[in-house]
Amino acid sequence: INEHPAVSESAIVGFSLALASAASNSVSIVDYAIWGAVALLAQLLAFALVRFIFMPKIVSRLENNEVSAGVILAATNIAVGLLNAACMTY
């Protein structure tokens, strides 16, 4: 996929937000690893929902440099990361 750099960067930001929350709220390295896996699964599920259900043609739209498709994917990545981070607090 010839996607805009902001799309992949937003995935990193969203995942990092969740990892940061897991790091500050975990009681052990095992707890941190489990929450990291949960965060990764949530990010993958969010991408799959956008890719296959909400916007099935998102790949071709990204290849055609449609900014709106990139914005939707970037916003989804960051929103899921923020929600993950909020859910990981005790």
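Counting from 1, the numbers follow the sequence of the chain as shown.
- Rounding to the nearest 0.5 Å gives a distance of 14.0 Å between NZ of K57 and CG of L62.
- The backbone N or O of S21 lies less than 3.5 Å from a partner atom in the side chain of S24, making a donor-acceptor pair.
- Taking CG from L73 and CZ from F47, the interatomic distance works out to 6.0 Å, rounded to the nearest 0.5 Å.
- Counting heavy atoms from C-beta outward, L41 and L45 have side chains that stay 4.5 Å or more apart.
- Taking hydrophobic clusters as Ile, Leu, Val, Met, Phe, Trp and Tyr residues chained together by side-chain heavy-atom distances below 4.5 Å, I29 shares a cluster with I34.
- For L17 against I78, the heavy-atom pair with the smallest separation is CD1-O, 4.3 Å.
- Heavy atoms only, all atoms of each residue included: A69 and R61 are closest at CB-CB, 3.8 Å.
- Between A42 and N84 the shortest heavy-atom distance is CB-ND2, 3.3 Å.
- The minimum heavy-atom distance between F15 and G36, with the atom names listed, is CE1-O, 3.7 Å.
- A donor-acceptor pair under 3.5 Å links the side-chain atoms of R51 to the main chain of P56, judged by distance alone.
- Rounding to the nearest 0.5 Å places CG of N25 at 9.0 Å from CG of D31.
- Looking at heavy atoms from C-beta onward, Y32 lies in side-chain contact with L19 at the 4.5 angstrom threshold.
- A continuous path of ILVMFWY side-chain contacts below 4.5 Å connects V59 to V50, so both sit in one hydrophobic cluster.
- Donor-acceptor pairing under 3.5 Å is lacking for the side chains of S60 and N64.
- Residues A18 and M88 share a closest heavy-atom pair of O-SD, 3.5 Å.
- The heavy-atom pair separating N77 from S10 by the smallest distance is ND2-OG, 3.2 Å.
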